[in-house]
Participant: 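Structure provided below as structure tokens; questions to follow.
Each chain gets a letter, A, B and so on, in the order its sequence line appears, and its residues count up from 1. The structure displayed is predicted, hence computed values, not measured ones.
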Amino acid sequence: SQQGEEDPQALSIQEGENATMNCSYKTSINNLQWYRQNSGRGLVHLILIRSNEREKHSGRLRVTLDTSKKSSSLLITASRAADTASYFCATVDRGSTLGRLYFGRGTQLTVWP
Amino acid sequence: NAGVTQTPKFRVLKTGQSMTLLCAQDMNHEYMYWYRQDPGMGLRLIHYSVGEGTTAKGEVPDGYNVSRLKKQNFLLGLESAAPSQTSVYFCASRTYPGTSERDTQYFGPGTRLTVL
């Protein structure tokens, strides 16, 4: 069954603004990942944060992880129209050797020019 | 490198017909996965493989079979298609555990299947 739940389900902003998406999960995790999916395309891995990390950066992306609250957030700074996509969080359970990902339902981000 | 490729990109079937979806990866990855994605849902795992010649059931395996005869290929079969199998199917692969990228999955572009 699905593990992560993203919030909000949809987000609409102007170019240049920051976009924040949240993810909550239920179990103890090894790591949490964020993926992007452009319309009609496959998923692309954005960033991975391990359970012993609290914050991670990659370009305009900033991810935080709070294992006590079982939640994560993805911040996209200075958004662009090209950032329009669905964003999914996915978790890997602690102790998993299969690396099975449990996905949430995603946040649809629309960035207006 | 092509990464992960899937064929076909689109397919329309009638109820009861059969078909095979092909996934190929050129990254020498050990693990491969088949997911389905339905509107408003995240991805759900159908079957997976941890190496050539091995397969296992995921979350929603009913109505599907898989084979991994070659390390680079992972086939998903529908023996008797049903309208409930209308979905977008994604294949993914990842490298062997123990490497620094061990938990990152690489996805194909998807196959959009409609069963009438």
Participant: Any link between L21(B) and L75(B) through a network of hydrophobic side chains (Ile, Leu, Val, Met, Phe, Trp, Tyr) touching at under 4.5 Å?
Facilitator: no
Participant: In Å and rounded to the nearest 0.5 Å, what is the CZ to NE2 distance from F107(B) to H45(A)?
Facilitator: 10.0 Å
Participant: Under a 3.5 Å threshold, yes or no: a donor from one side chain and an acceptor from the other, between Q37(B) and Q37(A)?
Facilitator: yes
Participant: Using heavy-atom distances under 4.5 Å, tell me whether L43(A) contacts chain B through its side chain, its backbone, both, or neither.
Facilitator: both
Participant: If hydrophobic clusters are built from ILVMFWY residues whose side chains come within less than 4.5 Å, do V92(A) and V50(B) share one?
Facilitator: yes
Participant: Got Y35(B) and L101(A) here, is their nearest side-chain heavy-atom distance under 4.5 Å?
Facilitator: yes
Participant: Quick one: do I29(A) and I49(A) end up in the same hydrophobic cluster if we chain Ile, Leu, Val, Met, Phe, Trp and Tyr together by side-chain heavy atoms under 4.5 Å apart?
Facilitator: yes
Participant: Taking all heavy atoms of Q33(A) and all of Q105(B), pick out the closest pair and write down the distance.
Facilitator: OE1-N, 4.4 Å
Participant: State yes or no: do L46(A) and I76(A) share one hydrophobic cluster built from I, L, V, M, F, W and Y residues joined by side-chain heavy-atom distances below 4.5 Å, directly or via other members?
Facilitator: yes
Participant: Do L78(B) and Y33(B) land in one hydrophobic cluster if side-chain heavy atoms of ILVMFWY residues count as linked below 4.5 Å?
Facilitator: no
